Number of protein chains: 2
Amino acid sequence: MELDDRKKRVLQAIVDDYVATNEPVGSKSLIERHNFQVSSATLRNDMAELEKLGFIEKPHTSAGRVPSDRGYREYVDSLMKIDTLSAREQEEIEANISGTVDEAAELIKSATHTLSETTGFVSLSMSPRLRKSFLKQIKILMIEPGKALVVLVLSAGVVKDKIVRIPNFLTDEQMIKLSGAIEKNLMGKPLDEITLVTVESAAKDTEIPNPLLKQVLYEAYTAIKQADQLSIYLEGEHKMLAFPDFSSLGRARDLLGTLSDSGMVAGYVNEMENQAASSGKKDSYMIRIGQEITLEGLDDCSFITATYNMGDTVSGNIGVIGPKRMDYSRVISKMDFVKRKLNEELKKLT
Amino acid sequence: MELDDRKKRVLQAIVDDYVATNEPVGSKSLIERHNFQVSSATLRNDMAELEKLGFIEKPHTSAGRVPSDRGYREYVDSLMKIDTLSAREQEEIEANISGTVDEAAELIKSATHTLSETTGFVSLSMSPRLRKSFLKQIKILMIEPGKALVVLVLSAGVVKDKIVRIPNFLTDEQMIKLSGAIEKNLMGKPLDEITLVTVESAAKDTEIPNPLLKQVLYEAYTAIKQADQLSIYLEGEHKMLAFPDFSSLGRARDLLGTLSDSGMVAGYVNEMENQAASSGKKDSYMIRIGQEITLEGLDDCSFITATYNMGDTVSGNIGVIGPKRMDYSRVISKMDFVKRKLNEELKKLT
DNA sequence: TGTTGGCACTCGAAAGCGGTGAGTGCTAAT
DNA sequence: ATTAGCACTCACCGCTTTCGAGTGCCAACA
């Protein structure tokens with residue numbers, strides 16, 4: 001069911017106009033704004049057809065047409081051409097990302113911030129998926145009797161730590177010995193291959209009494225497992241209130257309510273990433289429109305994400321959430337640029 | 001200009017009714033709901049008086065009265081009696097705070113969460129003011145050539161760390177020696193007494209070449225200074241949208257916009273704390289109502305904070321932001337209870 | 001077969017309008 | 001100082017009217 005050329009143009013024009021004006025667009029105004037070489041009656045016929053095919057719909061009988069989710073989908077998949085950013089825009093983004101920050105987490109946060117600023121939407125980032133990164137160092141520092149700090153240094157330059165409880169009577173020297181033994185045996189292992197058993201066997205050849213060992217090893221293990229937990233960072237939620245699309249208090253509340261459940265959002269982003277990966281994605285971005293999003297209250301939103309990389313095995317996501325009535329071309333090109341800059345900067349860190 | 005007894009009762013009744021119904025309250029309905037032993041005409045006179053004194057005002061000529069900021073102020077300062085929580089409420093709060101968490105930051109976060117849940121408002125917490133805490137340990141861990149991790153252990157059981165850049169050719173042993181020297185000299189010092197000079201002189205008696213030293217010391221110093229920077233955590237912003245008081249999109253946007261600037265909010269909380277401290281506060285809570293709040297868009301809110309303590313010298317704040325048309329008594333008693341529980345749990349940690 | 005002008009029809013948005021009722025201030029009597 | 005009474009105000013509700021952009025359909029045309 002291919003659309004003929006003019007129908008494509010019509011759909012494209014409807015999306016463009018609707019995005020620009022937030023008014024349902026009618027056959028007359030289409031003729032005025034774009035120079036189709038046909039009459040409004042002809043367009044009316046085309047529009048009726050497009051509606052039958054599910055690309056557009058009318059809010060009520062006597063109004064213009066509005067793109068449906070499917071219409072937007074067609075638009076982003078084959079109608080729009082991605083535009084390039086002006087030099088000034090590029091500079092602005094670059095200035096914000098390539099700052100003085102040289103910790104990966106800070107860098108990612110600054111990219112997220114820039115993304116929200118430049119698009120005016122909600123932006124988000126997922127922490128890097130560290131499962132596949134490997135342990136470069138693990139140190140257990142005695143803080144005081146009964147309390148220690150486990151410090152993990154991972155490939156890709158990430159450092160994680162966790163305060164843990166340990167048996168009171170463990171001495172400083174025992175701890176150093178133990179820490180060394182664990183490190184020697186786990187060094188170079190990817191996080192997802194480390195199990196409690198691995199950790200326990202790593203400390204076999206120390207002569208520390210077993211009952212003391214047990215707890216420390218378990219805590220070290222939890223510290224490692226905690227390191228590869230995903231977390232999400234969201235920014236600019238309030239900006240959604242600026243869009244007429246959410247001027248109904250109810251919608252706005254649902255939306256912000258859902259976004260406040262960061263675990264849920266994180267899960268969804270993760271799902272998107274997995275789907276894209278398993279379907280052999282070709283694009284540099286992933287996109288979900290309106291009802292395609294399974295999160296409550298995001299029916300009027302679009303969700304666009306991209307993947308950043310830290311080294312060969314570690315990656316994460318950045319993304320934006322905006323009204324589905326958005327200028328997809330601009331947003332995507334902006335996100336793409338932010339992503340590329342972020343990747344460049346991350347590479348410098350390693 | 002003291003209010004006579006009945007006028008006090010009238011003001012109190014107006015606040016109570018208005019909080020409960022969100023409708024301007026008139027003389028007739030006052031008579032109905034409360035049993036004043038006088039006629040509505042008498043109350044009208046009293047109300048006219050109260051209005052002249054600035055405690056109440058009318059939204060428009062032919063409507064009932066609404067408390068002014070000054071009215072609320074009078075109410076919280078001398079009219080309301082703080083009620084006690086039911087056993088069930090106490091249990092609910094206790095269950096949420098005294099969890100398995102045993103890191104101070106986590107504990108504070110969980111208290112903040114509970115606060116938002118139980119009040120239905122925005123809640124917030126400030127990180128502990130660590131200026132007065134003293135250094136228990138400082139370790140500099142070599143991560144890889146050119147990169148190290150500075151780990152600070154502070155009194156009150158707080159651990160902070162920061163990744164820093166160091167000269168490439170600094171060896172592991174040099175680092176250990178240096179780290180030891182710094183620690184020996186700085187141990188026990190309150191953070192706010194540590195200056196760059198202190199740090200530099202702490203490393204005098206190592207035989208490491210000066211140019212190498214300089215950068216490390218500077219980085220150690222910045223790590224220390226960074227540790228006592230204040231940060232704020234906000235939760236439940238979206239809940240504000242549930243209140244009819246912010247049903248105008250414009251107000252809601254202003255409010256959430258302001259709250260999203262966490263630096264600004266943190267500054268304000270800090271200011272509140274300082275004012276309270278310097279004026280010899282008596283209450284266990286601080287409160288700002290409506291226009292008293294100097295943040296933009298919070299004219300219809302009240303801001304209530306309390307202070308939590310970690311050890312003798314370190315403290316921070318928790319608080320809530322809700323519509324100024326709130327049940328002050330309940331909110332205050334809840335916050336007070338959360339604070340007490342939090343303090344108990346924090347004490348266990350040290 | 002695709003295109004066009006014409007026309008009756010639809011329906012939301014905006015504007016106008018009168019009634020209702022809770023509330024007020026004022027005054028004169030208690 | 002308190003009260004009953006009364007005229008007045010004004011937001012709110014529901015109703016009707018008008019307006020106009022937009023539609024679907026039809027008959028005519030290339």
Side-chain angles (χ1 to χ4, degrees), chain A residues 2-11 13-15 17-18 20-68 71 244-245 247-248, chain B residues 2-11 13-18 20-68 71 244-245 247-249:
Chain A
E2 258 301 296
L3 293 176
D4 70 47
D5 248 24
R6 196 185 53 221
K7 292 216 184 66
K8 278 185 187 167
R9 270 194 70 205
V10 172
L11 177 53
I14 291 176
V15 173
D17 280 15
Y18 184 61
T21 65
N22 192 25
E23 308 267 292
V25 1
S27 52
K28 264 232 185 85
S29 60
L30 266 187
I31 295 280
E32 278 169 26
R33 243 189 295 252
H34 310 263
N35 61 336
F36 290 98
Q37 303 292 18
V38 294
S39 79
S40 67
T42 310
L43 290 197
R44 275 206 289 286
N45 291 332
D46 287 351
M47 287 162 84
E49 188 80 7
L50 283 170
E51 182 171 7
K52 203 165 290 167
L53 295 174
F55 291 116
I56 55 180
E57 51 200 21
K58 34 187 174 184
H60 51 262
T61 330
S62 76
R65 303 306 214 292
V66 157
S68 67
D245 313 63
S247 60
S248 125
Chain B
E2 260 299 298
L3 293 175
D4 69 48
D5 248 23
R6 197 185 54 221
K7 292 215 184 66
K8 278 186 186 167
R9 270 193 70 205
V10 172
L11 177 54
I14 290 176
V15 173
D16 285 340
D17 281 14
Y18 183 61
T21 65
N22 192 26
E23 308 267 292
V25 2
S27 52
K28 264 231 185 87
S29 61
L30 265 186
I31 295 280
E32 278 168 26
R33 244 190 294 252
H34 310 263
N35 63 337
F36 289 98
Q37 304 291 20
V38 294
S39 79
S40 67
T42 311
L43 289 198
R44 275 206 289 286
N45 290 333
D46 286 352
M47 287 161 85
E49 188 81 7
L50 284 170
E51 184 172 6
K52 203 166 291 168
L53 295 174
F55 291 117
I56 55 182
E57 51 201 19
K58 35 187 173 183
H60 51 262
T61 331
S62 76
R65 303 306 214 294
V66 156
S68 66
D245 313 65
S247 58
S248 128
L249 228 337

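Every chain is numbered from 1 and lettered A, B, ... according to where its sequence line falls, protein lines coming before strand lines. Keep in mind that what you see is a predicted model, and the values were worked out from it rather than measured.
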Whole angstrom value for the distance that separates [atom2] of [N] from [atom1] of [X]:
X: B:Leu30; N: C:dG23; atom1: CG; atom2: P; value: 9 Å
X: B:Lys28; N: C:dG21; atom1: NZ; atom2: P; value: 12 Å
X: A:Arg44; N: C:dT4; atom1: CZ; atom2: P; value: 11 Å
X: B:Met47; N: C:dG25; atom1: CE; atom2: C1'; value: 12 Å
X: B:Asn45; N: D:dA1; atom1: CG; atom2: C1'; value: 9 Å
X: A:Glu49; N: C:dT3; atom1: CD; atom2: P; value: 12 Å
X: B:Asp46; N: D:dA1; atom1: CG; atom2: P; value: 11 Å
X: A:Gln37; N: C:dT4; atom1: CD; atom2: C1'; value: 15 Å

Between B:Gly54 and B:Ser68, which heavy-atom pair has the shortest distance, and what is it?
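Smallest interatomic distance, heavy atoms only, reads O-OG, 2.6 Å.
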Heavy-atom closest contact (B:Leu11 atom, B:Leu3 atom, distance)
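Between these two residues, the closest heavy atoms are CD2-CD1, 4.4 Å.
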With sugar-phosphate meaning primed atoms plus P, OP1 and OP2, does A:Ala41 contact a base, only sugar-phosphate, or nothing at under 4.0 Å between heavy atoms?
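Base contact.
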Contact class for A:Ser27 (heavy atom, under 4.0 Å): base, sugar-phosphate, or nothing?
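Counting heavy atoms under 4.0 Å across all strands, the contact made by A:Ser27 is with sugar-phosphate only.
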When you measure from the side-chain N and O atoms of [X] to the phosphate of [N], is any distance below 4.0 Å, counting only OP1 and OP2?
X: B:Ser62; N: D:dC8; answer: no
X: B:Thr61; N: D:dC10; answer: yes
X: B:Lys58; N: C:dG25; answer: yes

May I ask you to verify whether the side chain of [X] and the base of [N] hold a donor-acceptor pair under 3.5 Å?
X: A:Ser39; N: C:dT4; result: no
X: B:Thr42; N: D:dT2; result: no
X: A:Arg65; N: D:dG24; result: no

I want to check a possible cation-pi pair here: A:Arg9 against A:Phe36, using under 6.0 Å from ring centre and within 45° of the ring axis as the test.
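Yes - A:Arg9 lies over the ring of A:Phe36, closer than 6.0 Å to its centre and within 45° of its axis.
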Among the nucleotides D:dC10, C:dT3, C:dC11, which one has an atom lying closest to any side-chain atom of A:His60?
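Ranking D:dC10, C:dT3, C:dC11 by closest atom to the A:His60 side chain puts C:dC11 first.
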Are any of the side-chain heavy atoms of B:Arg33 and B:Thr21 separated by less than 4.5 Å?
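A side-chain contact under 4.5 Å exists here.
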If you draw a 6.0 Å radius around CG in A:Asp5, do more than 12 non-hydrogen atoms from other residues or ligands fall strictly inside?
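Open.
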